**Student:** 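One structure, pasted below without further comment.
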Amino acid sequence: DQQVKQNSPSLSVQEGRISILNCDYTNSMFDYFLWYKKYPAEGPTFLISISSIKDKNEDGRFTVFLNKSAKHLSLHIVPSQPGDSAVYFCAAKSQNTGKLIFGQGTTLQVKP
Amino acid sequence: DAGVIQSPRHEVTEMGQEVTLRCKPISGHNSLFWYRQTMMRGLELLIYFNNNVPIDDSGMPEDRFSAKMPNASFSTLKIQPSEPRDSAVYFCASSLGNSLNNYGYTFGSGTRLTVV
């Protein structure tokens, strides 16, 4: 059972446009959500997070939106840059266990 | 700090052989996690330790997998005997405390395992 799902394996956008990466979850006990970015041959690195008590968190070009009623979150990157090309993982923390559960990842390609 | 250090970076082994993956967490971090990355399931949590004690190993796929953390600065993930379906990238991550800080976990660069 995949508690965190990223249904789009890949996304391609033009440089300067907006990238929107989506993530759905099933467990209402998740209380914290994070996005990680992964380049080839490297480990995932933290990008941005949001607490379940908020619906938006912004950090520069990156904004995460949380819709608790829909159990959905999204990462917006604007404007997108070629250096943003990477695999993006959505992750959620269970307040019961403290474990981070990750999605399958979405490969973003930003074309110059 | 050098970050989370994993070795080897790449491992190619024959089916049936024993494989040992190693991890050195960030000094001072007291939680350590082993993840496996596959195309189908993304990053799967295999096991995690807190203060060197295994807390949850429910993600370990089968008895062929075992993990140890003999001290705060070292952990191993062993597969014996290895099978081709174990081929994946294995990541180790560490964090401070049971709860996340704003930055989540720090991951190592991973070990790419290929079992032929």
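All chains are named by letter (A, B, ...) in the order of the sequence lines, taking the proteins before the strands, and each is independently numbered beginning at 1. The model shown is predicted, which means the values in this text are computed figures rather than measured ones.
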**Student:** According to a 4.5 Å side-chain heavy-atom criterion applied to Ile, Leu, Val, Met, Phe, Trp and Tyr, with indirect links allowed, do Tyr88(A) and Tyr25(A) form part of one hydrophobic cluster?
**Tutor:**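 Same cluster.
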**Student:** Anything under 3.5 Å between a donor and an acceptor, one on a side chain of residues 14-26 of chain B, the other on a protein residue two or more places apart or in another chain? List them.
**Tutor:**
residue  : atom : partner  : partner atom : Å
Glu18(B) : OE1  : Gln80(B) : NE2          : 3.2
Arg22(B) : NH1  : Thr20(B) : O            : 3.4

**Student:** By side-chain hydrogen bond (donor to acceptor under 3.5 Å, both in side chains), which residues pair with Asp55(A), not counting sequence neighbours?
**Tutor:**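 Residues passing side-chain hydrogen bond (donor to acceptor under 3.5 Å, both in side chains) with Asp55(A): none at all.
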**Student:** With a 4.5 angstrom heavy-atom cut-off, which part of Ala91(A) approaches chain B: side chain, backbone, both or neither?
**Tutor:**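 Contact with chain B involves no heavy atom of Ala91(A) at all.
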**Student:** Indicate, with yes or no, if Val89(B) and Leu113(B) share a hydrophobic cluster defined by side-chain heavy-atom contacts under 4.5 Å among Ile, Leu, Val, Met, Phe, Trp and Tyr.
**Tutor:**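 In one cluster: no.
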**Student:** Would you say CZ of Arg17(A) has more than 12 non-hydrogen atoms from neighbouring residues, nucleotides or ligands within 6.0 angstrom?
**Tutor:**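 Counting other residues, nucleotides and ligands, CZ of Arg17(A) stays at 12 neighbours or fewer.
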**Student:** Does anything in residues 57-66 of chain B reach chain A? List residues with heavy atoms under 4.5 Å apart, or say none.
**Tutor:**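 Within residues 57-66 of chain B, near chain A: Ser58(B).
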**Student:** Could you state the interatomic distance from CZ (Phe102(A)) to CZ (Arg41(B)), rounded to the nearest 0.5 Å?
**Tutor:**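 Answer for the CZ-CZ pair, Phe102(A) versus Arg41(B), is 14.5 Å.
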**Student:** Quick check on Arg9(B) against chain A: is it the side chain, the backbone, both or neither that has a heavy atom closer than 4.5 Å?
**Tutor:**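 Only the side chain of Arg9(B) comes within 4.5 Å of chain A.
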**Student:** Is there a chain of hydrophobic side chains (I, L, V, M, F, W, Y, each step under 4.5 Å between heavy atoms) that links Leu75(A) to Ile101(A)?
**Tutor:**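 As far as the 4.5 Å side-chain criterion goes, Ile101(A) and Leu75(A) are connected within one cluster.
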**Student:** Hey, does Tyr35(B) have a side-chain heavy atom less than 4.5 Å from the side chain of Leu100(A)?
**Tutor:**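 Touching, per the 4.5 Å side-chain cut-off.
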**Student:** Look at the side-chain heavy atoms of Ile, Leu, Val, Met, Phe, Trp and Tyr, link any pair under 4.5 Å apart, and say whether Phe49(B) and Ile55(B) land in one connected group.
**Tutor:**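 No, Phe49(B) and Ile55(B) fall in different hydrophobic clusters.
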**Student:** Would you mind checking which part of Gln6(B) comes under 4.5 Å of any heavy atom in chain A, side chain (CB onward), backbone (N, CA, C, O), both or neither?
**Tutor:**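 For Gln6(B), there is no contact with chain A at all, as no heavy atom is under 4.5 Å.
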**Student:** When the ring centroid of Phe91(B) is compared with that of Tyr36(A), is the distance short of 6.0 Å?
**Tutor:**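 Phe91(B) vs Tyr36(A): aromatic centres not under 6.0 Å.
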**Student:** Side chain from CB out, backbone as N, CA, C, O: work out which of these in Gln2(A) comes under 4.5 Å of a heavy atom of chain B, or both, or neither.
**Tutor:**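 The side chain, not the backbone.
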**Student:** For Leu45(B), is it the side chain, the backbone, both, or neither that has a heavy atom closer than 4.5 Å to a heavy atom of chain A?
**Tutor:**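 Looking at Leu45(B), just its side chain touches chain A.
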**Student:** Which is it for Tyr39(A) and Phe107(B) under the ring pair (Phe, Tyr, Trp, His ring centres under 6.0 Å) test, yes or no, and what are the steps along the way?
**Tutor:** CA-CA 12 Å; Tyr39(A) 291 117; Phe107(B) 281 82; over 10 Å; no
**Student:** If two hydrophobic side chains count as joined below 4.5 Å and joins carry through other members, does Tyr48(B) share a cluster with Ile5(B)?
**Tutor:**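 Different hydrophobic clusters.
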**Student:** Please flag which part of Lys38(A) lies under 4.5 Å from any non-hydrogen atom of chain B: side chain, backbone, both or neither.
**Tutor:**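 The side chain, not the backbone.
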**Student:** Report, by ascending residue number, the residues of residues 103-112 of chain A in heavy-atom contact with chain B at a distance under 4.5 Å; give 'none' if the set is empty.
**Tutor:**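 Only Gly103(A), Gln104(A) of residues 103-112 of chain A have a heavy atom under 4.5 Å from chain B.
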